Amino acid sequence: MRYFQEKIETMPLEEIRKIQSEKLVRQVRHVYEHVRCYRERMDEMGVKPEDIHGIDDLRKLPFLTKDDLRDNYPFGLLAVPKKDCVRIQSTSGTTGRRVVAFYTQHDVDLWEECCARALVAAGATSDDVCQVSYGYGLFTGGPGLNGGSHKLGCLTLPMSSGNTDRQIQFMMDLGATVLCCTPSYAAYIGESLKERGIAPEDNPLKAGIFGAEPWTEEMRQGIQKALGIKAYDIYGLTEISGPGVSFECEEQQGMHINEDHFVAEIIDPDTGEVLPEGSKGELVFTCLDKEAFPLLRYRTRDICVLSRKKCSCGRTFMRMTKPMGRSDDMLIIRGVNVFPSQIETVLLKEGYAPNYQIIVDRANNTDVFDIMVEMDDDMFADTVAGITRREKALATAMKSMLGINPAIHLVAPRSIQRSEGKAVRVIDKRKLTSDRQWKG
Ligand code: DLL
């Protein structure tokens with residue numbers, strides 16, 4: 001089984017664009033009629049539903065941001081009567097007003113189909129046992145992959161995150177072949193298996209579907225080795241439905257966007273100008289056929305690049321790179337732009353596991369930049385002088401990647417708190433009043 005819905009996933013570009021155009025015209029009419037916020041925005045811009053004839057008219061429409069979602073909390077952007085909705089999900093990682101997304105049964109089906117496509121692209125079939133170790137509840141990770149696994153007909157283990165002993169026991173006893181969780185939890189499960197003396201070839205897993213937070217190519221290699229599997233990336237966000245907006249195929253060269261449901265654009269985050277294919281910029285999504293919470297031109301803040309290059313897996317859906325950071329989570333330390341993923345890259349290159357925490361503070365009007373990094377048992381057994389030498393070497397490597405000098409603190413193995421969901425990598429003490437937290 002190569003595709004979950006072959007005809008759709010491999011359709012020619014002209015057909016994709018035709019379907020997108022037809023759906024967009026219908027969707028714009030739907031939101032204009034049912035959502036006051038859109039009607040007012042479009043009226044302000046002098047755009048009527050009749051002006052939207054197809055996908056080329058997309059850029060006539062206004063952008064929507066997370067602030068708009070918060071301002072319209074909870075029901076302001078709901079496009080169907082509340083009685084027609086069957087589910088809500090909500091975002092993690094922010095304080096203050098949460099973002100609440102609504103789903104009709106049609107929307108849940110569409111979302112679960114997207115997740116089933118991701119599972120098949122990772123090599124799963126109805127013969128597989130799928131262990132879902134993303135959090136369940138308001139977070140979309142657990143419910144999304146759970147639904148996809150059911151749609152495909154896998155035996156589904158709805159583990160949720162946490163209780164790693166039980167995760168490992170069920171994995172071994174029930175023969176889980178596909179693991180779905182955050183990459184940081186996958187790495188932790190890998191460590192825990194090793195601690196229990198279970199070699200990578202002795203667990204039943206063959207593939208993993210990991211997303212919801214940034215992870216580097218080096219981290220992928222580490223997880224693949226520790227678990228003895230092929231590790232696939234999956235992307236999505238609550239506002240646009242959840243996991244499965246895009247997913248990796250066996251080529252592992254970017255994630256295919258489910259273009260029959262979502263249109264992707266890349267814009268300049270400062271000017272809002274739409275950039276040509278291949279440019280790096282902020283990813284914007286339009287939901288083509290969701291009923292309850294159909295966001296148009298939603299600014300994700302994720303920075304990435306889109307490509308229409310042919311993929312040898314046969315899927316024709318365009319691909320996006322892993323998000324390279326967020327237009328709003330980039331740290332500015334002593335005037336220098338720093339992406340946490342750069343720090344992770346250096347750590348993995350220098351032979352450290354990606355167990356680290358960045359702490360930024362301010363003293364005497366100057367930024368203080370510390371990185372706590374865990375040693376492995378061998379490093380920890382070294383002399384004090386040896387450890388100091390290591391700290392200096394790592395600081396030099398960081399300086400050459402980032403352009404500024406962090407203070408490196410090598411800490412004892414397993415002393416940085418492990419995450420069962422999204423890892424908290426950054427503690428920015430300078431911004432305690434902000435309601436936004438970095439989530440990768
Ligand atoms: O994290 C949905 C999800 C669940 C995706 C499970 C994949 C697997 P939110 O909590 O709304 O939704 O967070 C969305 O997380 O805008 C990205 O910044 C980040 N993100 C999601 N997937 C990836 C990924 C879920 N594969 C935000 N790589 C998004 C990097 C990711 N960042």
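The model shown is predicted, which means the values in this text are computed figures rather than measured ones. Atoms within each ligand, like the ligands themselves, are counted from 1 in listed order. Along the sequence shown, residues carry numbers from 1.
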Under 4.0 Å, heavy-atom basis, I'd like to know which part of [X] is in contact with ligand 1: side chain, backbone, both or neither.
X      : value
Thr91  : side chain
Thr140 : side chain
Ala212 : both
Asp233 : side chain

Checklist entry - Does an N or O from Thr238, backbone or side chain, lie closer than 3.5 Å to an N or O of ligand 1? => result yes

Under a 3.5 Å distance rule, please check whether [X] uses its side chain to pair with a backbone N or O of [Y] as donor and acceptor.
X      : Y      : result
Asp107 : Thr104 : yes
Glu251 : Cys313 : no
Glu291 : Val80  : no

Checklist entry - Counting each atom of ligand 1 from 1 as listed, which ones have a heavy atom of Phe139 under 4.0 Å away? => result 1 (O), 4 (C), 10 (O), 25 (C)

Item to check | For Ile234, the ligand 1 atoms whose distance to one of its heavy atoms is below 4.0 Å | outcome: 7 (C), 8 (C), 22 (N), 24 (C), 26 (N)

Next on the checklist: Out of Leu237, Thr321, Asp302, who is nearest to atom 16 (O) of ligand 1 when you count heavy atoms only?
Outcome noted: Asp302

Checklist entry - Between the candidates Pro243, Gly236, Pro183, which shows the shortest non-hydrogen contact distance to atom 21 (C) of ligand 1? => result Gly236

Next on the checklist: Taking the cut-offs as 6.0 angstrom to the six-membered ring centre and 45 degrees off its axis, would you call Arg117 and Phe4 a cation-pi pair?
Outcome noted: no

Checklist entry - Salt bridge or not for Lys151 and Asp109, using N-O below 4.0 Å? => result yes

Checklist entry - Does Glu191 pair with Arg418 as a salt bridge, N-O distance under 4.0 Å? => result yes

Item to check | Close approach, Glu213 and ligand 1, non-hydrogen under 4.0 angstrom | outcome: yes

Checklist entry - Ring centres of Phe102 and Phe75 under 6.0 Å apart? => result yes

